[in-house]
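Can you read through this structure? Questions will come right after.
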Amino acid sequence: MDDLDEHLLAKLRDNARAPVAELARALGLSRTTVQTRLQKLERGGVIAGYAVRLAPAYEQGRVHAFVMLTVEPKQAAAVTAALNRMPGVRRLQSVSGPFDMIATVEAQGVAEMDVVIDGIGAVKGVERTNTALVLSTKFDR
C-alpha cells in the first residue's frame, strides 16, 4: 500500500459507490490505474466489501450507545458468541484498559435500548456493564 492507495480508500470511505471515473479524476489518475488498484486491494483483502451508510434522517430516530463490558476470566469466547446473536449489537471489540470489551449498540428507541442493555448484562460471563448513550455524531468515516 502506498499513499495513492490510502487516498483511494479515503475517497471510498466518503462514497463507496463512486464511479471509477470520478475516483480517477479526484486522484489525478487514469481509470485503468484506479480499476487495477481497486482489484489489487480487493484481492489482497484490504477491501473486504462495500457497505451502506444510512441517511442522517433515518439515523436521527435511532438510539446508539457504547456498552463497556467487564467479562469473567476465560468467558470472552462465550460472551462474544452470545452478543453476536443479539441483533441490536452492531460491533464488539476487545480493548485494553479498565474494560475487556466495547459493544456498539443500536435500537429504535430508549425502551428498546433498555431491553438490549439488560440482555447484554444478563449474558453468562458478563460481570459488569457501563453504558454511554451517543448524543450526537460529529463525523463518521
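Just so you know, these numbers use all the heavy atoms, side chains as well, and skip hydrogens, waters and symmetry mates.
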Of all the heavy-atom pairs spanning Ala26 and Lys11, show the shortest one and how long it is. CB-CE, 3.8 Å

Considering non-hydrogen atoms only, spot the tightest contact between Asp100 and Val71 and give its length. OD2-N, 2.6 Å

I'd like to know if Met101 and Val95 are part of one continuous hydrophobic network [Ile/Leu/Val/Met/Phe/Trp/Tyr, side-chain heavy atoms within less than 4.5 Å]. no

Closest non-hydrogen atom pair between Lys124 and Val79, with its separation: O-CG2, 3.7 Å

Selection residues 22-33 - residue pairs positive for side-chain hydrogen bond (donor to acceptor under 3.5 Å, both in side chains), sequence neighbours left out: Ser30-Thr33

Flag the pair Val67 / Val116 as yes when at least one side-chain heavy-atom distance between them is below 4.5 Å, and no otherwise. no

Kindly compute the distance separating CD (Glu72) from CD (Glu127), expressed to the nearest 0.5 Å. 5.0 Å

Are any non-hydrogen side-chain atoms of Val46 and Leu9 less than 4.5 angstrom apart? yes

Can you hop from Val126 to Phe66 via hydrophobic side chains spaced under 4.5 Å? no

Value rounded to 0.5 Å, distance of CG in Asn15 from CG in Leu23: 8.0 Å

Common cluster, Val20/Leu41, ILVMFWY with side-chain heavy-atom separation under 4.5 Å: yes

For Ala103 versus Leu83, what's the shortest heavy-atom pair and its separation? CB-CD2, 4.3 Å

Less than 4.5 Å apart, any side-chain heavy atom of Leu92 and any of Met86? no

Taking side chain as C-beta onward, heavy atoms only, is Lys40 less than 4.5 Å from Asp5? yes

According to a hydrophobic-cluster definition based on side-chain heavy atoms being under 4.5 Å apart (Ile, Leu, Val, Met, Phe, Trp, Tyr only), do Ile47 and Leu29 belong together? yes

Could you measure the distance from the CD atom of Glu42 to the OH atom of Tyr50? Nearest 0.5 Å is fine. 3.5 Å

How many angstroms lie between OG1 in Thr131 and CE in Met68, if you round to the nearest 0.5 Å? 6.5 Å

Can you establish whether the number of heavy atoms outside Arg90 located under 6.0 Å from its atom CZ is more than 12? yes

Atom CZ of Arg91 and atom CD1 of Ile102: how far apart are they, to the nearest 0.5 Å? 11.0 Å

Between Leu133 and Ala65 the two heavy atoms that sit nearest each other are CD2-CB, 3.6 Å

For Thr70 versus Pro98, what's the shortest heavy-atom pair and its separation? OG1-O, 4.2 Å

Among all residues two or more places apart in sequence or in another chain, which pass the salt bridge (charged side-chain N to carboxylate O under 4.0 Å, His left out) test with Asp118? none

Enclosure of Gln39 CD (heavy-atom neighbours >12, cutoff 6.0 Å): yes

Taking atom CZ of Arg37 and atom CG of Asp2, what is their separation to the nearest 0.5 Å? 4.5 Å

Give a yes or no on whether Ile120 and Val110 share a hydrophobic cluster (residues Ile, Leu, Val, Met, Phe, Trp, Tyr; joining criterion: side-chain heavy atoms under 4.5 Å apart). yes

